[in-house]
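Below: one structure, written as structure tokens.
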Amino acid sequence: MSQERTVLSIDGGGIRGIIPAMVLHHLETETGHRAADLFDLMVGTSTGGILALGLAQPDPEKPAHSRYSARDLAELYASRGSQIFGKNLWRQIRSAMGIFDESYSASPLETALTDYFEDNVLGGCRCPTIVTAYDLEARSTAFFKSFKPEHAQILCKSAARATSAAPTFFEPAQLDVAGKSTALIDGAVFLNSPVVSAYAEALKLFPGDKITVISLGTGELAQPISGKRAASWGKIGWMLPVLDCVFDGMSKAADYQMRLFLGEGYQRFQLTLEKASDELDNTTPENIGALFEATSRLIDREGPRLNKLIKHLQALHQQPS
């Protein structure tokens with residue numbers, strides 16, 4: 001007998017991970033269940049990968065329960081963001097503001113990941129979980145899957161470090177996979193929104209089942225780029241704007257494709273960044289507050305759709321598996 005399966009996909013976006021974390025907090029609060037119980041598969045890229053792994057962590061004292069709520073993970077960004085994206089003046093000078101070296105030391109990020117994930121492995125995730133990365137040495141995409149035997153013993157903190165190794169921000173992550181060491185960078189370089197891959201994986205995992213896909217964005221760009229201004233840019237001038245355009249374009253293309261694939265079986269929750277900054281590393285108290293406020297407005301605006309989703313998730317959770 002076929003079942004109904006619900007898949008969660010979370011975009012990349014640095015500190016803007018506060019947005020999907022708080023949307024998930026709303027779903028958890030209203031349904032009374034943690035994300036790992038609500039979704040049959042969770043997939044994330046970059047900051048979305050950290051969230052997916054965090055939501056899938058088992059409670060060490062009660063393995064059948066989740067260790068972290070979505071609100072706990074939102075607080076990770078709020079409380080540790082300024083350390084992870086620490087403004088070290090000497091490093092900024094030495095790197096020429098990120099032109100000649102990474103903008104940030106990876107040590108604070110690695111410390112935070114160790115604190116939250118300890119030595120837990122992918123195979124211990126409470127539900128099937130996938131994070132993306134790009135293998136520099138093999139020049140290939142990498143999908144770390146909690147249910148894949150060769151990935152089961154990879155440390156969650158290592159997978160989280162790999163998926164969030166954003167070029168120009170952090171140095172590549174070194175990770176041993178199946179006995180081979182390789183260098184990995186942020187999966188957002190090829191898949192800022194992993195929703196299409198999440199759907200494809202769900203088709204393989206749950207053949208014949210009805211699939212609903214929920215995609216959470218981290219805010220889309222609102223600032224227009226003047227053609228006149230861009231015409232005078234060279235390589236340095238285009239360095240960050242072109243990344244923004246690529247990430248934004250990939251997410252919108254994936255959204256379009258999923259609407260064609262699933263119609264009403266696909267729901268995307270996204271907002272336009274207006275008062276909040278679109279910078280991945282803006283951890284000022286003002287911007288953190290703006291991100292929380294923007295998400296509250298998103299939840300209010302999308303109230304009818306969210307309420308419908310909440311009822312659907314509650315109904316599925318009550319059904320025998």
Side-chain angles (χ1 to χ4, degrees), residues 7-17 20 41-57 73 84-85 102-110 112-114 116-117 119-125 128-202 204 215-216 218 243 246-247 250-251 254 280-281:
V7 176
L8 174 66
S9 171
I10 314 176
D11 289 12
I15 196 65
R16 293 172 3 221
L41 172 67
M42 299 192 293
V43 183
T45 287
S46 194
T47 199
I50 292 175
L51 286 174
L53 289 170
L55 294 167
Q57 294 302 293
L73 298 175
I84 292 169
F85 296 109
E102 291 79 17
S103 296
Y104 303 103
S105 165
S107 294
L109 171 61
E110 291 170 353
L113 295 177
T114 297
Y116 274 76
F117 295 116
D119 289 325
N120 293 344
V121 295
L122 288 182
C125 287
T129 306
I130 304 174
V131 298
T132 69
Y134 184 79
D135 187 327
L136 290 175
E137 297 181 18
R139 298 300 294 267
S140 67
T141 58
F143 294 84
F144 296 110
K145 306 176 183 182
S146 66
F147 47 89
K148 198 171 182 179
E150 55 265 46
H151 295 167
Q153 294 306 308
I154 292 175
L155 295 173
C156 289
K157 62 184 178 184
S158 298
R161 171 72 174 86
T163 194
S164 59
T168 78
F169 288 91
F170 301 109
E171 64 185 24
Q174 293 292 327
L175 182 62
D176 287 330
V177 182
K180 181 183 177 183
S181 179
T182 190
L184 297 151
I185 59 173
D186 195 323
V189 298
F190 73 95
L191 207 64
N192 194 54
S193 172
V195 65
V196 176
S197 291
Y199 177 51
E201 195 67 43
K204 288 171 57 180
S215 174
L216 301 182
T218 58
L243 286 175
V246 169
F247 293 165
M250 284 192 294
S251 296
L280 306 184
D281 57 346

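Computed from a predicted structure; not experimentally measured.
- Taking the six-membered ring where the residue is Trp, F190 and Y134 present tilted rings, their angle falling between 30° and 60°.
- Side chain of S164 to main chain of T47: no donor-acceptor pair is present (N/O by atom type, distance under 3.5 Å, no hydrogens or angles).
- Within the 4.5 Å cutoff, no side-chain heavy atoms of I15 are placed close to those of I84.
- Side-chain atoms of L136 and P172, non-hydrogen and from C-beta on, do get closer than 4.5 Å to each other.
- Partners of E150 according to the salt bridge (charged side-chain N to carboxylate O under 4.0 Å, His left out) rule, which considers only residues two or more places apart in sequence or in another chain, are K148.
- Listed for the T163 side chain is no donor-acceptor partner under 3.5 Å among the backbone atoms of A159.
- Side chain of T218 to main chain of G12: a donor-acceptor pair is present (N/O by atom type, distance under 3.5 Å, no hydrogens or angles).
- In this structure, the side chains of Q174 and S181 come closer than 4.5 Å at one or more pairs of heavy atoms.
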Given V43 and E201, is the side-chain contact (heavy atoms from CB on, under 4.5 Å) satisfied, shown in steps?
CA-CA 10 Å; V43 183; E201 195 67 43; 5.7 Å; no
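- Taking the side chain as every heavy atom from C-beta outward, D119 and K157 approach each other to under 4.5 Å.
- Taking the side chain as every heavy atom from C-beta outward, F143 and L191 approach each other to under 4.5 Å.
- Residues T132 and T141 are not in side-chain contact: their nearest non-hydrogen atoms beyond the backbone lie 4.5 Å or more apart.
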Step-by-step side-chain contact (heavy atoms from CB on, under 4.5 Å) determination, F144 to L184:
CA-CA 12 Å; F144 296 110; L184 297 151; 3.7 Å; yes
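- Side-chain contact between S9 and T45 is absent, with no heavy atoms from C-beta onward closer than 4.5 Å.
- Taking the six-membered ring where tryptophan is involved, the planes of F170 and Y104 are tilted, since the angle between them lies from 30° to 60°.
- V131 is not listed as a side-chain neighbour of I50, based on a closest heavy-atom distance of 4.5 Å or more.
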Are H151 and V121 close enough, and set up right, to give a side-chain contact (heavy atoms from CB on, under 4.5 Å), and what steps lead you there?
CA-CA 9 Å; H151 295 167; V121 295; over 6 Å; no
